Amino acid sequence: AQSVTQLDSHVSVSEGTPVLLRCNYSSSYSPSLFWYVQHPNKGLQLLLKYTSAATLVKGINGFEAEFKKSETSFHLTKPSAHMSDAAEYFCVVSALNTNAGKSTFGDGTTLTVKP
Amino acid sequence: NAGVTQTPKFRILKIGQSMTLQCTQDMNHNYMYWYRQDPGMGLKLIYYSVGAGITDKGEVPNGYNVSRSTTEDFPLRLELAAPSQTSVYFCASKILAGGSYEQYFGPGTRLTVT
């Protein structure tokens, strides 16, 4: 079994300030973890992924996340928010090599960026 | 590569009508998935397939059917549409090899049942 909890449904930051989107997971398998971004009325774009290699993962657009097994967390960060970062963000857990690769999505975090 | 394509992009159905949502991928991925996304929510798995001829239920399969006769195609059938099926539907595919593991998503189909 696996599950994902995104700890904040809404996060609001000012442009140029840091972003932190929190994600906790549970999994009976060796997990792979992902962050996706979805802009309004658009599809999902992969930001970054963890698949059992380096625990600090760098993604696109300056985002990064750190896999912490002891805390079962995979928080997403960015040093300086940009207006274009305003979107919905989803944390996803998937079994690495079993469970038919099925993924479980968090309910999402809406990021608002104020000028 | 076109990736994952879905048709139609939008559709309005009346209650009780049926329709098929099409999904095709050209990446030779063995795993394919159908999700629905309700407003303000994450994606919920409807059905999935681990290869041609093999399908299985996800979290929310009621009211839907699928088939997988080829590697490329994974259509989703709605029989007797209900307002509760109003949602955005995403198809995805992946391959569990080569250090990849992420899903590739189609652009989605926005379905309204009235």
Side-chain angles (χ1 to χ4, degrees), chain A residues 1-10 21 23 25 27 29-54 57 59-60 65 67 74 87-110, chain B residues 2-7 9-10 23 25 29-51 54-61 66 68 74 87-112:
Chain A
Q2 59 192 20
S3 66
V4 173
T5 302
Q6 291 184 241
L7 297 167
D8 307 291
S9 56
H10 292 88
L21 305 183
C23 172
Y25 73 93
S27 178
Y29 318 102
S30 293
S32 51
L33 291 152
F34 308 86
W35 276 98
Y36 286 86
V37 62
Q38 185 179 35
H39 288 93
N41 298 313
K42 298 291 187 186
L44 289 98
Q45 180 183 16
L46 180 68
L47 277 178
L48 49 79
K49 62 182 179 183
Y50 165 79
T51 55
S52 78
V57 180
I60 62 171
F67 173 71
F74 191 58
E88 189 80 12
Y89 291 79
F90 293 100
C91 182
V92 181
V93 65
S94 179
L96 200 56
N97 284 312
T98 187
N99 197 29
K102 288 185 287 184
S103 297
T104 300
F105 282 72
D107 285 338
T109 297
T110 302
Chain B
V4 180
T5 57
Q6 292 183 238
T7 56
K9 284 188 168 55
F10 302 94
C23 174
Q25 54 92 9
H29 286 173
N30 44 349
Y31 293 82
M32 295 188 74
Y33 310 86
W34 272 107
Y35 295 92
R36 59 178 287 171
Q37 184 181 27
D38 298 328
M41 304 294 288
L43 277 65
K44 302 292 185 190
L45 183 64
I46 305 171
Y47 269 94
Y48 66 99
S49 169
V50 302
I54 307 170
T55 63
D56 207 347
K57 296 177 182 178
E59 295 175 77
V60 289
V66 293
R68 183 101 181 265
F74 190 40
S87 191
V88 181
Y89 291 83
F90 289 99
C91 179
S93 71
K94 75 195 290 187
I95 188 165
L96 298 185
S100 178
Y101 306 107
E102 73 262 30
Q103 294 179 92
Y104 293 79
F105 285 89
T109 294
R110 188 173 296 272
L111 175 67
T112 302

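All figures in this text were calculated on a predicted structure; none of them were measured in a lab. Numbered from 1 within each chain, the chains take letters A, B, ... in sequence-line order.
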(Q) My understanding is that only residues two or more places apart in sequence, or in another chain, count here; which of them pass side chain to side chain donor-acceptor pair (under 3.5 Å) with B:Y89? (A) B:Y64
Q | Which residues share a ring-ring contact (aromatic ring centres under 6.0 Å, His included) with A:F105, sequence neighbours left out | A | B:Y35
**Q.** Under 4.5 Å from a heavy atom of chain B, the part of A:S103 involved
**A.** both
Please examine the side chains of [Y] and [X], heavy atoms only from C-beta on, and report whether any two atoms are closer than 4.5 Å.
X: B:Q103; Y: A:F34; result: no
X: A:T104; Y: B:L45; result: no
X: B:F105; Y: A:Q38; result: no

Q) In Å and rounded to the nearest 0.5 Å, what is the OG to OH distance from A:S94 to B:Y31? A) 10.0 Å
Q: Nearest 0.5 Å please: distance from the CG atom of A:L46 over to the CD atom of B:E102.
A: 5.0 Å
Q. If every non-hydrogen atom of A:F90 is compared with every non-hydrogen atom of B:Q37, which pair is closest and at what distance?
A. CZ-NE2, 3.3 Å
**Q.** Residue pair B:L43, A:L44: steps toward the side-chain contact (heavy atoms from CB on, under 4.5 Å) verdict
**A.** CA-CA 10 Å; B:L43 277 65; A:L44 289 98; 4.1 Å; yes
